[in-house]
There are 2 protein chains.
Amino acid sequence: MATDSMTLKGSLADRDSWDATDECSIARALDVVGTHSAMMLIREGYYGSHRFDDLARRAGITEAIAAKRLRELVDAGLFCKRPYREPGQRTRDEYVLTERGRDLFPALVSLMSWGDRYLSDRQGPPIQLIHSGCGAPLQASVRCAAGHEVAMYEATAEISPQRRARSETRKSLSRG
Amino acid sequence: MATDSMTLKGSLADRDSWDATDECSIARALDVVGTHSAMMLIREGYYGSHRFDDLARRAGITEAIAAKRLRELVDAGLFCKRPYREPGQRTRDEYVLTERGRDLFPALVSLMSWGDRYLSDRQGPPIQLIHSGCGAPLQASVRCAAGHEVAMYEATAEISPQRRARSETRKSLSRG
DNA sequence: CTGTATCCCAGCGGATACTG
DNA sequence: CAGTATCCGCTGGGATACAG
């Protein structure tokens with residue numbers, strides 16, 4: 001069937017159910033950064049905002065939400081607070097992305113590219129990301145460790161052995 | 001400052017504000033696929049589910065939410081409905097990802113990799129994605145059109161010329 | 001099997017006012 | 001500048017019951 005070439009290979013389509021919240025890394029990731037405000041704050045982190053009111057204003061959210069979300073993101077280890085001082089001013093804290101936060105870069109770029117491609121108005125993409133070194137535009141891609149670019153239908157999904165074992169156990173338990 | 005190497009280059013950190021909802025492709029994308037249920041349904045589309053109750057059950061959401069979200073995703077062009085029939089059964093509709101939906105693959109893989117890396121429990125990642133051709137694990141990366149892998153701090157963000165012009169106009173208008 | 005309708009709750013997020 | 005506190009509306013999403 002034609003639609004088969006549009007899905008991952010593997011046994012996932014045959015399974016009975018799925019503990020979505022607990023056992024899917026996408027779901028877990030969304031529990032941390034799945035809100036609009038979290039994504040906008042991380043975006044501003046990439047764009048170079050560090051101070052509370054800059055982050056809030058440029059992310060387009062209220063200070064109340066910004067404070068709450070930043071506290072969560074600091075707890076989750078995506079931002080850290082660093083003391084800084086401007087000449088003649090008292091010491092304040094700034095919010096800096098950690099490696100954990102910076103590692104979301106491909107996710108944000110993917111979403112941006114997708115939005116650029118499918119949701120732009122006549123003016124075209126609002127922001128262009130380019131490689132500072134060579135000036136070429138950025139795009140997110142999926143590759144394997146061997147370096148091949150991998151389309152969705154060239155991917156296989158495998159349940160990890162331990163999980164599969166646990167899943168079997170659970171099955172027989174619920175059968176018994 | 002050390003933190004400078006952790007941000008994009010460009011003028012975005014200097015701007016006054018930002019019409020986040022209207023002019024950011026990340027925000028626009030999130031308006032379409034930013035909900036938990038939308039992401040889980042798309043994930044199941046990748047995993048090979050097509051039928052309504054499979055999608056709902058495996059996504060871990062109620063049928064009510066599944067119906068509502070699928071209608072929105074069909075309207076937004078990420079899924080399409082296709083008639084199918086099993087031998088001896090009446091014709092039904094199945095939900096198939098469109099190119100628009102499949103193009104979100106890098107975003108989902110990015111989130112999954114990030115979750116695998118930072119949010120896995122002791123059992124390790126629940127699902128492993130591999131390249132069907134060579135068996136190597138998948139990872140999402142950001143590259144430029146010239147093929148260089150680009151880290152976050154090697155990227156530059158540029159406001160598109162038209163937008164910049166409009167932004168200037170708006171500034172002087174609000175000043176006047 | 002593929003949904004729809006209704007009720008309900010929790011959380012996100014805006015607005016506003018207030019504090020160190 | 002960097003938040004906190006309060007109030008309130010909207011929506012996501014679960015549960016349950018019903019329908020073609």
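Residue numbers start from 1 in every chain, and the chains themselves are labelled A, B, ... in the order their sequence lines are given, proteins ahead of strands.
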Send over the distance from H50(A) NE2 to dC1(D) P, rounded to a whole Å. 16 Å
Counting only side-chain N and O atoms of Y84(A), is one of them less than 4.0 Å from OP1 or OP2 of dA2(D)? yes
Charged N to carboxylate O below 4.0 Å: is that the case for R102(B) and E99(B)? no
Select base, sugar-phosphate, or nothing to describe what A64(A) touches, counting heavy atoms under 4.0 Å on all strands. base
Does S37(B) place a side-chain N or O at less than 4.0 Å from the phosphate oxygens OP1/OP2 of dG13(D)? yes
Side-chain atoms of K81(B) come closest, of dG3(C), dC1(D), dG14(C), to dG3(C)
OP1 or OP2 of dG3(D) under 4.0 Å from side-chain N/O of R92(A): no
5' priority, DNA chain D, between E63(B) and E72(B) [closest heavy atom]: E72(B)
From CG of D31(A) across to P of dG12(D) the rounded distance in Å is 17 Å
Nearest whole Å is fine: how far is dT4(D) P from L70(A) CG? 10 Å
Protein-nucleotide distance (M39(A), atom CE; dG13(C), atom P), rounded to Å: 11 Å
Tell me, which pairs form a salt bridge (charged side-chain N to carboxylate O under 4.0 Å, His left out) where one or both residues lie in residues 123-149 of chain A, sequence neighbours left out? R143(A)-E149(A)
Does dC1(C) have its OP1 or OP2 closer than 4.0 Å to a side-chain nitrogen or oxygen of Y95(B)? no
Classify the ring geometry between F105(A) and Y46(A) as parallel (under 30°), tilted (30 to 60°) or perpendicular (over 60°). perpendicular
In whole angstroms, the gap separating P of dT2(C) from CZ of F52(B) amounts to 8 Å
Please report the distance, rounded to the nearest Å, between CE in M40(B) and C1' in dG13(D). 14 Å
Are the charged groups of D53(B) and R58(B) less than 4.0 angstrom apart, N to O? no
Under 4.0 Å from OP1 or OP2 of dG3(C): is there any side-chain N or O of R71(B) that close? no
Is there a donor-acceptor pair closer than 3.5 Å between any side-chain N or O of S113(B) and the backbone N or O of V109(B)? yes
Under-4.0 Å side-chain N/O to phosphate OP1/OP2 contact, K68(A) with dT6(D): no
Could you state the atom-to-atom distance from CZ of R69(A) to C1' of dG14(C) in whole Å? 13 Å
In whole Å, what is the span from the CD1 atom of I61(B) to the P atom of dT2(C)? 14 Å
